[in-house]
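The next block holds one structure in the form of structure tokens; read it before the comments.
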Amino acid sequence: MIKVKNVCKSFGSLQVLKGIDLTIEESEVVVLLGSSGSGKSTLLRCLNFLEINDEGEIWIEGELVRPGTTDLNKIRSEVGMVFQHFNLFPHKSVLENIIEAPIYVKKMKKSEAKDIALDLLEKVGLKDKADEYPDMLSGGQKQRVAIARALAMSPRVMLFDEPTSALDPELVGEVLQVMKQLAGEGMTMVVVTHEMGFARGVADRILFMEEGQILEEATPKQFFENPQNERTKQFLKSIL
Ligand code: ADP
Ligand code: MG
């Protein structure tokens with residue numbers, strides 16, 4: 001589904017990604033762990049071309065993406081992204097937030113976009129909130145709307161960048177539940193999270209990043225019970 005070859009990215013003189021290689025298979029759930037500043041967000045942003053890598057190649061569904069020539073809006077509709085801070089439009093209702101991109105980017109008919117949005121709201125347990133404004137919702141509800149909004153583009157892959165980090169602890173579970181459900185339905189997912197229960201229980205594979213490189217790659221069981229890299233061991237000690 002995604003193939004990344006030797007991807008490098010610098011901001012000025014700071015090299016943030018130092019030759020990332022990775023492959024993500026269809027229906028795989030990959031959790032990306034690593035300390036703050038290790039380059040996790042930058043890697044996710046490169047995967048849907050919010051940032052453009054300086055070197056290396058990113059292949060999406062067998063197609064090499066060339067930012068000068070490839071239609072990046074098309075790629076972004078195939079690779080959905082959910083952020084820590086929801087990024088909903090505050091002046092639009094929940095329903096309007098969800099139908100915006102299908103109508104303006106995919107040129108979908110409004111009636112069709114609405115039907116899809118209502119189905120997705122039902123899926124994330126918020127059908128009754130369609131006409132509310134984001135301000136009226138809890139953080140967990142906002143994040144579930146953000147997930148529905150990303151799904152409205154029928155993405156082939158979903159990227160999650162610390163989707164529960166801005167939430168009060170009691171609201172984390174409802175968002176993880178929706179993500180778990182998506183994983184169970186076979187969605188291909190790359191998830192940056194500090195929720196180790198989710199990583200252990202839902203991930204097929206865990207990648208550990210440090211200073212712009214992937215230092216370790218393992219199944220959750222191997223990763224948590226028998227980490228190989230010294231830095232991974234230190235990281236696990238610091239969080240567990
Ligand atoms: P993580 O998500 O693992 O915490 P990031 O990818 O956000 O790490 O950041 C990695 C490094 O890149 C950090 O040192 C951060 O300050 C820097 N960085 C990220 N985005 C930018 C940017 N747009 N401009 C300059 N530096 C950036
Ligand atoms: Mg980050």
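Just so you know, ligand 1 is whichever comes first in the structure, and atom 1 is the first atom listed for that ligand. Counting from 1, the numbers follow the sequence of the chain as shown.
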Heavy-atom gap S35 to ligand 1 smaller than 4.0 Å: yes
Ligand 1 contact by G34, heavy-atom criterion under 4.0 angstrom: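 The answer is no: ligand 1 sits nowhere under 4.0 Å from a heavy atom of G34.
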Which residue holds the protein heavy atom closest to [atom], what is that atom called, and what is the gap in Å?
atom: atom 19 (C) of ligand 1; answer: F11 CE1, 3.5 Å
atom: atom 14 (O) of ligand 1; answer: L14 CD2, 3.7 Å
atom: atom 1 (P) of ligand 1; answer: G37 N, 3.5 Å
atom: atom 8 (O) of ligand 1; answer: G39 N, 3.2 Å
atom: atom 9 (O) of ligand 1; answer: T42 OG1, 3.9 Å

K106 atom NZ, over 12 foreign heavy atoms within 6.0 Å: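 It does: K106 NZ has more than 12 such atoms within range.
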Metal check, the Mg ion (ligand 2) vs T42 N/O/S, cut-off below 2.8 Å: no
From CA spacing to verdict: salt bridge (Lys or Arg N to Asp or Glu O under 4.0 Å), E185, K123: CA-CA 12 Å; E185 291 167 4; K123 184 184 175 98; 2.5 Å; yes
Transitive ILVMFWY side-chain link M81 to I60, under 4.5 Å: yes
Atom 21 (C) of ligand 1: any protein heavy atom closer than 4.0 Å: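 At least one protein heavy atom is under 4.0 Å away.
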Any protein heavy atom < 4.0 Å from atom 6 (O) of ligand 1: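 Given the 4.0 Å cut-off, atom 6 (O) of ligand 1 counts as touching protein heavy atoms.
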Within-4.5 Å side-chain heavy-atom neighbours: V202 and M179: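 In short, these two side chains do not touch, never coming nearer than 4.5 Å.
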Minimum side-chain heavy-atom gap Y104-E100 below 4.5 Å: yes
Side chain to side chain donor-acceptor pair (under 3.5 Å) between D161 and S41, worked out: CA-CA 6 Å; D161 194 357; S41 294; 2.7 Å; yes
S10 side chain vs G12 backbone, donor-acceptor pair below 3.5 Å: no
Contact check: V16 vs ligand 1, nitrogen or oxygen atoms, below 3.5 angstrom: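 No; the residue has no nitrogen or oxygen that sits under 3.5 Å from a nitrogen or oxygen of the ligand.
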Lys/Arg N to Asp/Glu carboxylate O, E78 vs R156, below 4.0 Å: no
